[in-house]
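Notes follow once the structure below has been shown.
Only heavy atoms go into these numbers, but all of them, side chains included; no hydrogens, no water, no symmetry mates. Not measured: the values here are computed from a predicted model. The sequence lines fix the lettering, A, B, ..., with proteins before strands; numbering per chain opens at 1.
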Amino acid sequence: MTAQTLQRPPAPDADAAARIRPRRRFTGRGLLHAYTWLIIAWLALPILVMIAFGFNDTPGRYNTSWVGFTFKWYAPDQLFLYPDLTDALILSLVIAIVASLVSGALGTGIGYALGRYRFRGAGSFNLLMFAAISSPELIMGASLLSLFVSLGTGVGPVTIAIAHIMFSISFVAVVVRSRVMVLDRSIEEAAADLGASPWTTFWKVTFPIILPAVMSGVLLAFALSIDDFIVTFFTAGTYETFPIWIWGATRVGIPPQVNVMGTLIFAVGVLGAIIANVRSRSGQRTR
Amino acid sequence: MTTPQHSVVQARPATHAAGAPAIEFVGVHKNYLSHGETVPAVKRTDLAIVQGEFFSLLGPSGCGKTTTMRMIAGFEEPTAGQIFLDGKDVTGVAANKRDVNMVFQSYALFPHLNTYQNVAFGLERRKVAKSEIERRVGEILEIVSLTGMEKRSPREMSGGQQQRVALARALVNRPRALLLDEPLGALDLKLRQQMQIELKRIQREVGITFVYVTHDQGEALTMSDRIAVMCAGVIEQLGSPREIYERPASRFVAGFIGTSNIVDGHVERTEGGLALLSYTTQDRVVVPVPQSVRTGDKLEVSIRPEKVDLHRTLPPVQATGGSVLSGTVTEVVYHGTSTNYTVATAAGADFTVFDQNASNADDLAGRGDRVYLTWAPQHSYLIGV
Ligand SMILES: Nc1ncnc2c1ncn2[C@@H]1O[C@H](COP(=O)(O)OP(=O)(O)OP(=O)(O)O)[C@@H](O)[C@H]1O
Ligand SMILES: [Mg+2]
């Protein structure tokens, strides 16, 4: 009885609301949908074109107009048809892996220190980091080249890696720093309180908590390195990385192999992101 | 809630010098440096906390309670002075090498570990055997009523449950002393009261020294064996809840702990250990005083609201034998179990009077009524002696 009388009153209100609101909500939602899909298309279209033209049955090296569908570029003998392209890809991958791991390690250390401690010079360090992020690549590349030349080290894979580590560190450090800054200090104090040495505290408590930030830093560094052109161009000497090879090939035509390699790198990246996502979600559920 | 009959967590056998306090401060002083300025947070403090007691640090915000705790735990080093744990000087010893554990106000649970892993953390650091860890974690989770929640992560638990994980994580190590910094601060009233009872029970069961920080005087009074009332980095008074409540050592303590009526006046005469402060021919306050008090001295007297009786007519002097103050009721507030009257008295001070609503009778008086307040001499308490 009471329950009924309590439930009744809202009904007329709800009716009234149903009469007035739905249209408005519909158009609002429709706009939001259209906008969302537009953005997604804008972001995805270049990638889709790249993937599609990896399946283009083009006769020669020119791969600009659609001929027909084929899987043949995915066959190893076709994919690795140009040895210098294959070498360039391998060089790019090796440099990207080395650069992302090294800058991941160093950048995590820097980011942790900047986020956790106040020390003399922390301010100028921050400034330097943002300078490295925001300075034009062209200038960075040119100065690195003159540095290496004046040091007499010569240029090659090692100098490319050094350059890539140099500009990636700041990105990793910034990502890690912002995570550490919002990390509750007392969590680390609790670890120390329970008998953990600073070393154990870092590896058992701090690092697992900031790991997602470290991972995004490392992935960012990898992405920055694998497709970097300008700085690499200055520091590569006679060596060719994947982007430099493509740049060289523009005059003679970019073959579909490039699309396939691009697609594969992209697929690995997407797979990594999905795995990271699923793991963190299942982690949330079971932990 | 399960209450195991047996005490499963015992304090470790005493290896220290017999009778040494669990925690001792000798001339401990702490300055913080903040933007080039020295901020004294704890001033030259001597303090001894007895083995196995429930000791509370009580005081208003910013008085140095957390700082005191952090110095015991080893997160802050004193600027001057020494800290002893079980008679051993631990000044300068790192937090991870001190045999005390802390329960943080924010709980500070490890978000990437589940309940079991959180609680086992301290034992793992001490390389306790795996089977032993399992046994002890199981026991302590039973004590804090969290059995079955081993696999939950902190974010899948309520505030009260997280609080108990934090407690278990500290207790499982059987520390010499457990430091609790406003552990119930984030809980709602009902849960808070429930946890107060739980904490007290756990402390009795495990027999570990508890150092408890709170700014809730009710909490401190109900739970503690002894209380230190702090104000601006100084311990104003240290004593049992009853001592602190009934015989506040300073105006600050009297005002901070519960409600106090404070009157001052000059001694008219002393007689048999009692001093008489009189205001008009009939308004007078009688207070027990030490020998040293002389006629003409200015005294501050504190009277608890529940000790005062309120009358509509002036009772005969023989019947009261103590203090009488006349006044006018300015406020009547009904509180359920009691009614509170505010009375502007002839002594110049406003008095608060609690009257228990024992019978269903109407209010003793209404606003604007002329009333007489009386109380026995022993309920007047001289502040600051
Ligand atoms: N790291 C610090 N640097 C500078 N001053 C500090 C620091 N920590 C605390 N203080 C100051 O020291 C004094 C005591 O602080 P503390 O945290 O011990 O107070 P508290 O009694 O725990 O207060 P609350 O009840 O608000 O927690 C305060 O005036 C505070 O501003
Ligand atoms: Mg505090």
Side-chain angles (χ1 to χ4, degrees), chain A residues 108 111-112 115-123 126 175-218 275-287, chain B residues 33-35 66 69-70 72-76 93-128 149-157 165-166 168-173 175 177-181:
Chain A
T108 299
Y112 182 76
R116 175 56 79 226
Y117 304 108
R118 285 220 207 132
F119 52 92
R120 208 196 250 277
N126 271 323
V175 174
V176 171
R177 189 189 63 149
S178 45
R179 178 66 189 92
V180 172
M181 275 164 77
V182 297
L183 178 67
D184 185 0
R185 176 96 226 230
S186 56
I187 291 180
E188 288 168 305
E189 285 178 345
D193 188 60
L194 294 165
S197 63
W199 176 258
T200 316
T201 301
F202 183 81
W203 288 112
K204 288 264 173 195
V205 175
T206 313
F207 190 72
I209 296 175
I210 66 170
L211 184 60
V214 173
M215 284 305 294
S216 21
V218 168
I275 289 172
N277 206 333
V278 165
R279 272 190 50 177
S280 79
R281 269 203 214 161
S282 72
Q284 267 168 23
R285 245 184 292 116
T286 54
R287 269 178 199 162
Chain B
L33 259 180
S34 159
H35 304 282
T66 298
M69 286 286 227
R70 292 175 60 82
I72 301 173
F75 300 131
E76 304 284 354
V93 175
N96 57 327
K97 307 237 164 63
R98 293 192 190 187
D99 199 5
V100 293
N101 284 126
M102 180 136 166
V103 176
F104 292 79
Q105 179 165 11
S106 58
Y107 310 146
L109 297 177
F110 305 127
H112 60 299
L113 302 180
N114 64 28
T115 300
Y116 181 92
Q117 293 163 326
N118 261 284
V119 176
F121 191 90
L123 297 177
E124 281 168 2
R125 299 288 77 72
R126 292 209 257 115
K127 306 264 183 291
V128 175
M149 300 230 179
E150 289 85 351
K151 292 258 148 45
R152 296 255 195 117
S153 84
R155 71 175 148 262
E156 294 169 328
M157 290 197 278
V165 176
R169 184 177 70 174
L171 275 176
V172 78
N173 305 298
L178 190 68
L179 313 173
L180 302 104
D181 190 0

Which pairs of donor and acceptor atoms, one on a side chain in residues 210-217 of chain A, lie under 3.5 Å apart (sequence neighbours left out)?
| from | atom 1 | to | atom 2 | distance (Å) |
| --- | --- | --- | --- | --- |
| Ser216(A) | OG | Pro212(A) | O | 2.8 |
| Ser216(A) | OG | Ala213(A) | O | 3.2 |

Inset, instruction - Tell me, for Ser186(A) versus chain B, whether the close heavy atoms (under 4.5 Å) come from the side chain, the backbone, both or neither. - result: both

Legend entry - Heavy-atom contact with chain B under 4.5 Å, split by part of Asp193(A): both

Legend entry - Partners meeting salt bridge (charged side-chain N to carboxylate O under 4.0 Å, His left out) with Arg116(A) (sequence neighbours left out): Glu188(A)

Inset, instruction - Mind listing the closest non-hydrogen atom pair of Arg177(A) and Asn126(A) along with its distance? - result: NH1-OD1, 2.8 Å

Inset, instruction - Might you point out which heavy atoms bring Phe75(B) and Ala95(B) nearest each other, and give the distance in Å? - result: CE2-CB, 3.6 Å

Legend entry - Sub-4.5 Å side-chain heavy-atom contact between Asn101(B) and Leu171(B): no

Inset, instruction - Tell me, for Arg169(B) versus chain A, whether the close heavy atoms (under 4.5 Å) come from the side chain, the backbone, both or neither. - result: both

Legend entry - Contacting region of Leu109(B) [heavy-atom separation from chain A under 4.5 Å]: backbone

Inset, instruction - Look at Ala196(A), Ser197(A), Pro198(A) and state which one has the largest set of heavy-atom pairs under 4.5 Å with chain B. - result: Ala196(A)

Legend entry - Heavy-atom pair count under 4.5 Å with chain B, highest-scoring of Glu189(A), Arg185(A), Lys204(A): Glu189(A)

